[in-house]
Protein chains: 4
Amino acid sequence: MSSQKSTADAAAPIAASAEGAPTAGPKMPTRERGRARVAALLAAAGAVFAEKGYDAATMTEIAARAGAPIGSLYQFFPTKAVLADALLAQYAEALMALLATVEARAATLSPAELAADLLAVLPSLKVERAAAFALIDARPDMVAQQGALRAGLRRGIAAILRAKSPALPPERAAAMAVTLLQMMKGAAALGDEPDLAHGREALAGLEHAASLFLKDALG
Amino acid sequence: MSSQKSTADAAAPIAASAEGAPTAGPKMPTRERGRARVAALLAAAGAVFAEKGYDAATMTEIAARAGAPIGSLYQFFPTKAVLADALLAQYAEALMALLATVEARAATLSPAELAADLLAVLPSLKVERAAAFALIDARPDMVAQQGALRAGLRRGIAAILRAKSPALPPERAAAMAVTLLQMMKGAAALGDEPDLAHGREALAGLEHAASLFLKDALG
Amino acid sequence: MSSQKSTADAAAPIAASAEGAPTAGPKMPTRERGRARVAALLAAAGAVFAEKGYDAATMTEIAARAGAPIGSLYQFFPTKAVLADALLAQYAEALMALLATVEARAATLSPAELAADLLAVLPSLKVERAAAFALIDARPDMVAQQGALRAGLRRGIAAILRAKSPALPPERAAAMAVTLLQMMKGAAALGDEPDLAHGREALAGLEHAASLFLKDALG
Amino acid sequence: MSSQKSTADAAAPIAASAEGAPTAGPKMPTRERGRARVAALLAAAGAVFAEKGYDAATMTEIAARAGAPIGSLYQFFPTKAVLADALLAQYAEALMALLATVEARAATLSPAELAADLLAVLPSLKVERAAAFALIDARPDMVAQQGALRAGLRRGIAAILRAKSPALPPERAAAMAVTLLQMMKGAAALGDEPDLAHGREALAGLEHAASLFLKDALG
DNA sequence: GATGAATGAGTATTCATTCAT
DNA sequence: CATGAATGAATACTCATTCAT
């Protein structure tokens with residue numbers, strides 16, 4: 001959560017402060033500007049990738065949308081692929097952070113509550129997820145990253161399950177994590193269609209199924 | 001070429017066998033030849049899109065892989081986008097046909113059997129699905145097609161539910177269809193990772209959850 | 001000689017005929033146009049490489065100077081390096097053809113005449129040589145081509161020496177060829193400086209030295 | 001770096017030793033440090049130009065190889081072209097110095113010895129010559145420098161001839177210098193191909209021819 | 001109609017040079 | 001003065017689409 005949020009926080013406010021700030025100097029101190037620029041570039045990249053997909057997204061547009069010259073973009077991300085990797089890594093980190101918070105409180109949650117919490121993880125990073133999916137689907141060589149991301153998520157979910165029910169055999173937890181991850185993705189997909197006819201009930205249905213699944217296995 | 005065959009087989013033969021093929025000569029009637037060529041082109045397009053993604057796929061390679069001249073490709077599909085649309089439509093049609101067969105026998109199935117049948121629909125068209133997803137993810141303007149496809153699937157699933165339980169209120173069936181579609185997508189995703197650690201158990205888990213969900217709602 | 005000349009012949013006249021020809025059709029027959037275009041492209045490439053060197057020469061300028069769209073240039077020469085290779089190969093072929101004519105009449109020549117003929121070979125392809133040198137010097141990976149070219153020239157010169165004096169041991173002929181090639185290059189260099197102060201006498205001096213060298217060795 | 005040392009040694013030490021170096025402290029006086037840095041930069045530039053050619057050589061790499069910040073490079077050489085010019089001037093100076101030593105002992109040498117000494121001049125600065133040629137070939141606007149260099153060499157050779165045979169008419173010496181320079185370049189070219197088949201004999205052949213040429217003209 | 005050569009707009013990336021610190 | 005981050009013009013190459021044959 002932290003790094004993801006920081007990106008969003010770092011990107012938007014900066015533009016705002018640049019316009020409304022009291023400082024008359026036309027340019028921010030270099031170091032800080034570098035940090036802000038990276039954040040802005042990542043944010044812009046995320047947006048453009050999400051909108052157009054990896055291939056159709058152009059480095060020029062990403063730079064332009066970040067208000068940065070193309071040379072600056074390449075100073076920080078020497079390749080389109082590197083930029084994509086950075087974005088994906090950032091998303092992965094954010095996801096893992098969210099899972100960590102769920103794990104922290106897992107022991108105190110009922111199966112139904114745990115199910116709800118889990119299904120809420122993916123939908124909470126809507127924009128980032130859109131970008132991440134655009135990257136994953138468009139780049140064959142990125143399948144490795146994708147696998148690492150999935151593996152990390154599964155590990156995180158399994159850890160949550162064991163935090164909730166320490167007696168659960170690790171193998172069983174791993175298998176359940178795979179199932180739950182799919183349901184979490186389903187919840188995310190529903191979240192991406194806000195004006196879906198029966199979205200609310202469908203999400204409730206998924207939560208219900210997950211809850212039953214957890215109750216069944218965790219006792 | 002081999003991998004496309006299933007696509008071609010699924011799409012073309014139906015039409016072909018419907019007309020019959022009396023001519024055995026080396027030069028098929030133009031109509032028939034046109035049909036075969038279209039099928040080959042679509043199959044090639046599906047394979048190339050699935051392998052490289054929409055943007056990286058080139059019209060030249062698609063034509064070459066179908067053994068057709070590029071001009072011929074443009075004769076039938078005046079645009080890359082049109083070709084993608086046709087491919088997606090073909091996939092949608094195939095999916096709907098599968099759902100129709102499930103609907104036909106829905107009344108005779110137990111909830112568990114119905115769950116298993118439903119979750120088996122998406123994984124059965126692996127290659128086509130890969131192509132379809134490549135298209136959907138890479139082309140923002142294709143979201144509309146995607147929405148239509150999903151809507152069609154939901155309608156089909158709802159129809160199955162009502163075939164199984166005629167007393168089910170249409171609204172309820174619609175909402176359940178949304179939930180079930182997500183679980184079906186989960187099953188498909190699992191099918192795409194053949195060497196996944198606990199894939200077998202995870203799929204069973206999904207089927208179990210779906211089965212419970214159906215039993216709960218359909219009695 | 002033949003292929004080199006044919007390039008020059010093919011490139012210039014075509015432009016002329018295109019402008020002054022009786023045909024009103026705006027475009028020549030495709031096949032022939034292809035041939036002419038390749039020749040024009042090679043000629044333009046030679047000129048631009050000679051003028052600016054390999055790196056500074058831009059594919060865009062080469063195409064423009066040949067009156068061809070950039071896409072056409074890439075249709076025939078998929079890479080700048082390939083274009084350079086083709087140019088070098090053409091130059092090599094032309095040189096070898098010239099040497100062959102010298103070889104044919106070698107037996108009838110006096111040492112002084114042979115020296116003069118040899119020293120006249122390189123200066124006769126001034127423009128092509130300029131391009132070839134620009135390529136050789138700028139591209140480390142082209143050193144191989146360069147070596148092949150030199151080896152070919154040495155073989156050709158040695159063959160001439162043996163044609164003149166069949167009794168000459170092959171090893172001796174080979175060594176002499178190396179020496180003579182350097183003197184031929186010197187003559188070419190002199191030819192590149194037309195307004196050089198004592199160029200005429202210097203060339204005579206080189207010929208004299210070569211003549212003595214030949215007389216000494218061939219009797 | 002090692003290969004450049006000879007360059008640095010040839011250029012810098014002369015000036016350095018002329019001033020003396022009394023300060024042993026870790027921070028040399030600015031002047032001296034500047035001199036050392038310039039020498040290092042020139043050496044690095046020579047190496048990089050020789051390796052990659054003028055265009056492919058980047059100012060950044062040159063600075064890095066000299067262990068200097070890019071800003072420092074630009075402090076001394078405000079332009080890549082200026083840097084190239086300086087390098088060429090340094091090479092010219094080194095060549096002229098070598099010729100001067102030959103001139104000093106010219107009167108005491110036999111024609112054969114003089115020929116050998118002259119043909120040894122260019123091969124002795126192999127690395128520097130490589131860099132110089134890379135510059136000359138890649139930059140059309142550098143032809144002027146190249147001409148000046150050649151003119152200087154010819155003057156130096158003519159001076160040697162007159163030192164050897166004071167009675168030689170200046171015009172005749174000038175013409176002979178042109179011829180001899182070409183043979184010297186041939187010797188250098190042979191020196192650049194160390195594993196050439198008959199290189200040794202070929203070099204001997206060149207020396208023989210030059211020796212005959214000198215004997216003929218100088219008596 | 002069928003074919004495939006020709007076209008040129010569009011893209012990622014590099015690097016000389018500047019200038020704020 | 002010294003530094004190295006920032007800039008943006010420039011370049012090789014691709015590919016959807018057209019149209020002469």
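Note that the structure is predicted; figures quoted are calculated from it, not measured. Every chain is numbered from 1, with letters handed out A, B, ... down the list of sequences. Below, all heavy atoms of this structure are taken into account, side chains as well, without hydrogens, waters or symmetry copies.
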Between C1' on dT11(F) and CG on Leu83(C), what's the gap in Å once rounded to a whole number? 15 Å

Could you state the atom-to-atom distance from CE of Met59(B) to C1' of dT18(F) in whole Å? 13 Å

Of Ala56(D) and Ala57(A), the one whose closest DNA chain E nucleotide lies more 5': Ala57(A)

Using the side-chain heavy atoms of Thr58(C), tell me which of these nucleotides is nearest: dA12(E), dT11(F), dA6(F). dT11(F)

Is any side-chain heavy atom of Leu88(B) less than 4.5 Å from a side-chain heavy atom of Ile136(B)? yes

Rounded interatomic separation in angstrom, taking CG from Asp55(D) and P from dT13(E): 22 Å

Indicate whether OP1 or OP2 belonging to dC1(F) is found under 4.0 Å from a side-chain N or O atom of Arg37(D). no

Could you check which of dT3(F), dA16(F), dT13(E) has an atom nearest any side-chain atom of Ile70(A)? dT13(E)

In whole Å, what is the span from the OH atom of Tyr54(C) to the C1' atom of dT11(F)? 12 Å

Which dot-bracket string describes DNA chain E (Watson-Crick N1-N3 plus N6-O4 or O6-N4, or G-U N1-O2 and O6-N3, all under 3.5 Å; [ ] crossing; | other strand)? .||||||||||||||||||||

The answer to which of Thr60(D) and Gly71(C) contacts DNA chain E further toward the 5' end, by nearest nucleotide, is Gly71(C)

Between P of dA2(E) and CZ of Phe77(B), the distance in whole Å: 14 Å

Separation between NZ of Lys80(A) and CG of Leu135(A), rounded to the nearest 0.5 Å: 9.5 Å

Considering only dG8(F), dG8(E), dG4(F), which nucleotide approaches the side chain of Pro69(D) most closely? dG4(F)

Between CG of Leu73(D) and P of dA2(F) the distance, given in whole Å, is 13 Å

Selected nucleotide, minimal atom distance to Ser72(A) side chain, candidates dT13(E), dA6(F), dA12(F): dA6(F)

To check you understand the geometry: which heavy-atom pair defines the closest contact between Ala130(C) and Ala50(C), and what is its length? CB-CB, 3.8 Å

For the residue pair Ile70(B) and Tyr74(B), establish whether any side-chain heavy-atom pair is separated by less than 4.5 Å. yes

Would you say the side chain of Gln75(A) lies within less than 4.5 Å of the side chain of Arg37(A), judging by non-hydrogen atoms? no

Find the distance Tyr74(C):OH to dT11(E):P and express it as a whole number of Å. 17 Å

Need to verify one output field. Residue with the more 5' nearest nucleotide on DNA chain F, Ala68(A) or Lys80(C)? Ala68(A)

Output the rounded distance in Å from CD (Gln75(C)) to P (dC19(F)). 16 Å

Going by ring pair (Phe, Tyr, Trp, His ring centres under 6.0 Å), name the residues that satisfy it together with Tyr54(B), two or more places apart in sequence or in a different chain. Phe49(B)

If you check the Phe76(C) side chain, which of dA6(E), dT17(F), dT7(F) turns out closest? dA6(E)

Given Leu42(D) and Phe77(D), is the side chain to side chain contact (heavy atoms under 4.5 Å, CB included) satisfied, shown in steps? CA-CA 10 Å; Leu42(D) 278 173; Phe77(D) 304 102; 3.9 Å; yes

